[in-house]
S.K.: 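Quick one: the structure is below, and I'll ask about it shortly.
Every chain is numbered from 1 and lettered A, B, ... according to where its sequence line falls, protein lines coming before strand lines. For the numbers below, each heavy atom of this structure counts, side chains included, while hydrogens, waters and symmetry mates do not. Source: prediction; values computed, not measured.
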There are 2 protein chains.
Amino acid sequence: MNQTIVELLQRHELRKTAMRGEVLKIFLEAGKQAITHPELEQRLPDADRITLYRTLKAFEDKGLIHQVVDSGNATKYALCNDACTEHRHHDEHAHFHCNDCGKTICLDSITTSTIQVPRGFKVQQTHLVLEGTCNNCEN
Amino acid sequence: MNQTIVELLQRHELRKTAMRGEVLKIFLEAGKQAITHPELEQRLPDADRITLYRTLKAFEDKGLIHQVVDSGNATKYALCNDACTEHRHHDEHAHFHCNDCGKTICLDSITTSTIQVPRGFKVQQTHLVLEGTCNNCEN
DNA sequence: TAGACAAATGCAACAATATTGCAAGTTAAA
DNA sequence: TTTAACTTGCAATATTGTTGCATTTGTCTA
Ligand SMILES: [Mn+2]
Ligand SMILES: [Mn+2]
Ligand SMILES: [Zn+2]
Ligand SMILES: [Zn+2]
């Protein structure tokens with residue numbers, strides 16, 4: 001298990017297990033691209049489905065990945081930036097969902113700005129999802 | 001079946017059936033609040049689950065309701081405004097999802113504005129989801 | 001108003017996604 | 001090395017969604 005992975009797990013108070021190492025490796029390789037549970041299953045054929053669910057949950061709880069709101073059916077996850085911790089996520093950026101290839105990517109450059117809401121409402125988090133055709137599918 | 005409901009179905013080229021009447025009635029009563037499939041099942045205990053799915057699909061296709069992107073697990077739907085047709089939806093507004101009561105409502109007053117995306121990306125639709133505490137749960 | 005025809009429904013079967021409980025194995029810390 | 005807490009794998013179960021097909025219903029036209 002490479003050094004970056006070990007450090008990331010430790011910094012987020014996650015025990016260093018084989019499964020977590022492999023899953024985190026996949027997220028690091030995916031970079032800005034969000035990943036679904038089925039994709040992980042495919043890339044780790046020997047991994048137990050249920051443990052995968054729990055791994056994702058643990059990663060999310062500890063601020064290592066964030067859930068991506070998306071018009072698709074299956075939940076997607078992507079790597080957080082360094083600022084996210086167990087106590088607070090800082091994923092104030094938009095996501096782009098391509099209707100052609102189905103990929104969803106984090107657009108860190110687009111931050112979700114504060115929006116005026118009706119009286120009595122309190123906003124804790126904002127999700128901005130852009131749907132269309134990605135630069136790879138556009139020609 | 002009341003007159004408003006009959007007119008709405010006809011305007012959207014939907015055959016007037018008992019099931020559709022009841023489902024549409026629930027949407028009209030819900031107003032700005034989005035509804036999930038399970039909620040419909042609960043409110044219409046005699047309705048067939050599968051037919052409900054197809055009813056929602058038909059309503060969406062014909063521009064009567066729109067799907068609401070949400071951080072929850074189950075898909076939500078809400079009434080469209082009059083401008084939506086079979087050929088095009090015009091649901092460029094934000095949605096508020098309350099983490100306390102779980103309700104999701106349409107915020108028609110907040111329209112999704114155009115956002116500058118990276119080169120090569122083409123945006124077809126924008127979803128803006130605000131998550132927090134609604135005016136009813138706040139105290 | 002009585003067919004004809006297309007559309008909608010109900011049921012069965014199945015697929016995909018997700019949660020819980022528990023025993024056994026593993027990790028980290030003392 | 002021992003211990004305690006955490007993680008895993010498996011079974012069972014729940015939830016959400018899709019497809020095929022025979023039957024019923026709604027709408028249109030003669
Ligand atoms: Mn992201
Ligand atoms: Mn809406
Ligand atoms: Zn694409
Ligand atoms: Zn609320």
Side-chain angles (χ1 to χ4, degrees), chain A residues 1 5-26 34-65 67-77 86 102 104, chain B residues 1-3 5-26 34-65 67-77 86 102 104:
Chain A
M1 205 182 304
I5 290 172
V6 172
E7 277 175 14
L8 269 173
L9 290 176
Q10 278 176 350
R11 171 144 33 103
H12 292 271
E13 300 177 303
L14 287 158
R15 286 191 179 186
K16 187 176 46 170
T17 71
M19 163 116 237
R20 289 177 176 176
E22 291 170 51
V23 172
L24 186 47
K25 182 157 172 278
I26 291 176
I35 302 175
T36 62
H37 184 278
E39 283 176 73
L40 286 174
E41 275 191 86
Q42 222 175 7
R43 298 197 47 181
L44 301 170
D46 293 335
D48 180 72
R49 239 167 50 76
I50 288 87
T51 307
L52 269 178
Y53 277 115
R54 291 196 267 227
T55 301
L56 290 170
K57 176 82 163 51
F59 281 12
E60 189 187 6
D61 286 348
K62 299 295 185 176
L64 203 43
I65 62 176
Q67 218 171 306
V68 178
V69 170
D70 189 80
S71 34
N73 32 336
T75 315
K76 293 183 176 180
Y77 295 88
E86 171 169 17
T104 297
Chain B
M1 207 181 304
N2 101 36
Q3 192 54 30
I5 289 171
V6 172
E7 277 176 14
L8 269 174
L9 290 176
Q10 278 175 351
R11 171 142 35 101
H12 291 272
E13 300 177 305
L14 286 158
R15 289 193 176 184
K16 188 175 48 171
T17 70
M19 163 116 237
R20 289 177 176 178
E22 292 171 51
V23 172
L24 186 46
K25 181 158 172 280
I26 291 176
I35 302 175
T36 62
H37 184 279
E39 282 175 73
L40 287 174
E41 275 190 86
Q42 221 176 8
R43 297 196 50 179
L44 300 171
D46 294 334
D48 180 73
R49 232 167 53 78
I50 287 86
T51 308
L52 268 179
Y53 276 114
R54 291 195 268 228
T55 301
L56 291 171
K57 177 82 163 52
F59 281 12
E60 190 188 6
D61 286 348
K62 299 294 185 177
L64 203 45
I65 62 176
Q67 218 170 307
V68 177
V69 170
D70 189 82
S71 32
N73 32 338
T75 315
K76 293 183 176 180
Y77 295 88
E86 171 169 17
T104 298

S.K.: Does a nitrogen or oxygen in the side chain of T51(B) sit under 4.0 Å from OP1 or OP2 of dG10(C)?
M.R.: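 Answer yes for this pair, as a side-chain N or O of T51(B) is under 4.0 Å from OP1 or OP2.
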S.K.: Quick one: does I35(B)'s side chain get under 4.5 Å of T104(B)'s, heavy atoms only?
M.R.: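 Of all side-chain heavy-atom pairs linking T104(B) with I35(B), none is under 4.5 Å.
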S.K.: Step by step, work out the side-chain contact (heavy atoms from CB on, under 4.5 Å) result for N2(B) and V6(B).
M.R.: CA-CA 6 Å; N2(B) 101 36; V6(B) 172; over 6 Å; no
S.K.: Taking ring pair (Phe, Tyr, Trp, His ring centres under 6.0 Å) as the definition, give me every residue that meets it alongside H12(B), ordered by chain and number, with sequence neighbours left out.
M.R.: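 Here no residue qualifies.
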S.K.: Starting at the 5' end of DNA chain C and moving along, which residue's nearest nucleotide shows up first, R49(B) or T75(A)?
M.R.: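 Looking at DNA chain C, the more 5' nearest nucleotide goes with R49(B).
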S.K.: When you measure from every atom of DNA chain C, which of residues 56-64 of chain A have a heavy atom less than 4.0 Å away?
M.R.: none
S.K.: Under the side-chain contact (heavy atoms from CB on, under 4.5 Å) rule, what do V69(A) and D70(B) come out as? Steps first, then yes or no, please.
M.R.: CA-CA 7 Å; V69(A) 170; D70(B) 189 82; over 6 Å; no
S.K.: Does any non-hydrogen side-chain atom of Y77(A) lie less than 4.5 Å from one of I65(A)?
M.R.: yes
S.K.: Angle, rounded to 10°, between the helical axes spanning five pairs at each terminus of the helix from dT1(C)-dA30(D) to dA30(C)-dT1(D)?
M.R.: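 That helix has its two terminal axes inclined by roughly 40°.
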S.K.: Got a list of side-chain donor-acceptor pairs under 3.5 Å for residues 14-26 of chain B, not counting sequence neighbours?
M.R.:
residue: T17(B); atom: OG1; partner: R20(B); partner atom: N; Å: 3.3
residue: R20(B); atom: NH1; partner: R15(B); partner atom: O; Å: 3.3
residue: K25(B); atom: NZ; partner: E29(B); partner atom: OE2; Å: 3.4

S.K.: The criterion is side-chain hydrogen bond (donor to acceptor under 3.5 Å, both in side chains); which residues satisfy it with T36(B), sequence neighbours excluded?
M.R.: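 Listed in chain order: E39(B).
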S.K.: Testing the basics here: between K76(B) and A34(B), what is the closest heavy-atom pair and its distance to 0.1 Å?
M.R.: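 Result for this residue pair: CB-CB, 3.8 Å.
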S.K.: Earliest and latest nucleotide of DNA chain D, 5' to 3', sitting under 4.0 Å from a non-hydrogen atom of chain A?
M.R.: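 First and last nucleotides in contact are dA5(D) to dA11(D).
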S.K.: Among all residues two or more places apart in sequence or in another chain, which pass the side-chain hydrogen bond (donor to acceptor under 3.5 Å, both in side chains) test with E41(B)?
M.R.: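 Applying side-chain hydrogen bond (donor to acceptor under 3.5 Å, both in side chains) to E41(B) gives H37(B).
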S.K.: List in chain and number order the residues that pass side-chain hydrogen bond (donor to acceptor under 3.5 Å, both in side chains) with Q10(A), two or more places apart in sequence or in another chain; answer none if no residue qualifies.
M.R.: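 For Q10(A) there are no side-chain hydrogen bond (donor to acceptor under 3.5 Å, both in side chains) partners, ignoring immediate neighbours.
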S.K.: Enumerate, atom names and distances included, each donor-acceptor pair closer than 3.5 Å involving a side-chain atom of residues 53-63 of chain A, sequence neighbours excluded.
M.R.:
residue: T55(A); atom: OG1; partner: T51(A); partner atom: O; Å: 2.7
residue: K57(A); atom: NZ; partner: D61(A); partner atom: OD2; Å: 3.0
residue: K62(A); atom: NZ; partner: E86(A); partner atom: OE2; Å: 3.3

S.K.: Could you write nucleotides 20-30 of chain C as a row of B, S and -, 5' to 3', where a protein heavy atom under 4.0 Å of any base atom gives B, of only sugar-phosphate atoms gives S, and otherwise -?
M.R.: BBB----BS--
S.K.: In whole Å, I'd like the distance from the CD atom of E22(B) to the P atom of dA8(C).
M.R.: 17 Å
